[in-house]
Amino acid sequence: MNCKEFLKELSDYLDGAMDEGLRSELEDHLTWCHDCYVICNTTKMTIQIYRDNRMYDLPDDLRGRLHNAIVARCQSSKKKTIPDKS
């Protein structure tokens, strides 16, 4: 199994919606492929955070930097989508 095949099956793997043979192949792939392991683990954690549906306290400095980054990104995106009227 290669990474592309693994990623194609990731959703079913995380949902537990696959036969044991394919699950075994995916788990074997995870034992030697660090990149897919990180993607799988990060996706699991993201799903868990979403399902928990709770607020996480952030340090004030991190909250400020995150807010500024989001604002900058939104402003950058807005500039790209607004046509030049000149």
Side-chain angles (χ1 to χ4, degrees):
M1 170 164 296
N2 62 39
C3 296
K4 187 175 182 177
E5 293 167 334
F6 176 84
L7 293 174
K8 181 180 174 194
E9 302 294 341
L10 180 59
S11 180
D12 287 344
Y13 174 73
L14 293 174
D15 290 340
M18 63 177 40
D19 66 72
E20 189 58 38
L22 184 53
R23 172 174 287 285
S24 180
E25 279 186 60
L26 291 166
E27 289 174 347
D28 180 58
H29 182 83
L30 288 173
T31 63
W32 60 265
C33 181
H34 178 73
D35 292 340
C36 287
Y37 175 82
V38 169
I39 291 169
C40 183
N41 195 42
T42 302
T43 305
K44 280 183 193 177
M45 290 188 297
T46 302
I47 292 167
Q48 186 61 45
I49 289 169
Y50 178 76
R51 285 184 179 161
D52 285 349
N53 195 27
R54 62 181 186 195
M55 297 295 289
Y56 291 88
D57 291 328
L58 298 175
D60 288 337
D61 65 317
L62 178 58
R63 183 182 306 278
R65 289 186 314 201
L66 182 57
H67 179 266
N68 292 339
I70 292 169
V71 168
R73 180 69 179 238
C74 289
Q75 289 172 344
S76 173
S77 294
K78 215 182 266 188
K79 289 178 185 175
K80 291 179 184 175
T81 59
I82 298 174
D84 186 14
K85 294 183 180 183
S86 37

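This structure is a prediction, so every number in the text was calculated from the model and none was measured. Every heavy atom of this structure was used, including side-chain atoms; hydrogens, water molecules and symmetry mates were not.
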Residue pair Tyr13 / Arg23: nearest heavy atoms and the distance that separates them
CE1-NH1, 3.0 Å
Going by heavy atoms in the side chains, are Lys8 and Glu5 under 4.5 Å from each other?
no
Any chance you could measure Lys44, atom NZ, to Ile49, atom CD1, to the nearest 0.5 Å?
14.0 Å
How about Asp57: does its CG atom have over 12 heavy atoms from other parts shown lying under 6.0 Å from it?
no
For Asn2 and Lys4, work out which heavy atoms get closest and say how close.
OD1-N, 3.1 Å
Hey, mind stepping through Cys40 and Leu30 against side chain to side chain contact (heavy atoms under 4.5 Å, CB included) and telling me if it holds?
CA-CA 8 Å; Cys40 183; Leu30 288 173; 4.1 Å; yes
Within 6.0 angstrom of Asp60 CG, more than 12 heavy atoms from elsewhere:
no
Quick check for you: to the nearest 0.5 Å, what is the distance between Arg73 atom CZ and Asn68 atom CG?
15.0 Å
Connecting only ILVMFWY residues whose side-chain heavy atoms lie within less than 4.5 Å of each other, what is the rest of Tyr50's hydrophobic cluster?
none
Hey, what do you get for CD (Glu27) to CD (Glu20), rounding to the nearest 0.5 Å?
7.0 Å
Please work out which of the three classes, parallel, tilted or perpendicular, describes the rings of His29 and Phe6, given edges at 30° and 60°.
parallel
Mind listing the closest non-hydrogen atom pair of Thr43 and Ile39 along with its distance?
OG1-O, 2.7 Å
Out of curiosity, does Tyr37 fall in the hydrophobic cluster containing Ile47 (side-chain heavy atoms, cut-off under 4.5 Å, transitive links)?
yes
For the CG atom of Leu7 and the CG atom of Leu26, what is their distance to the nearest 0.5 Å?
10.0 Å
Hey, could you give me the NE2/CG distance between His67 and Leu58, rounded to the nearest 0.5 Å?
13.0 Å
Linking I/L/V/M/F/W/Y whenever any side-chain heavy atoms sit under 4.5 Å apart, do Met45 and Leu10 land together?
no
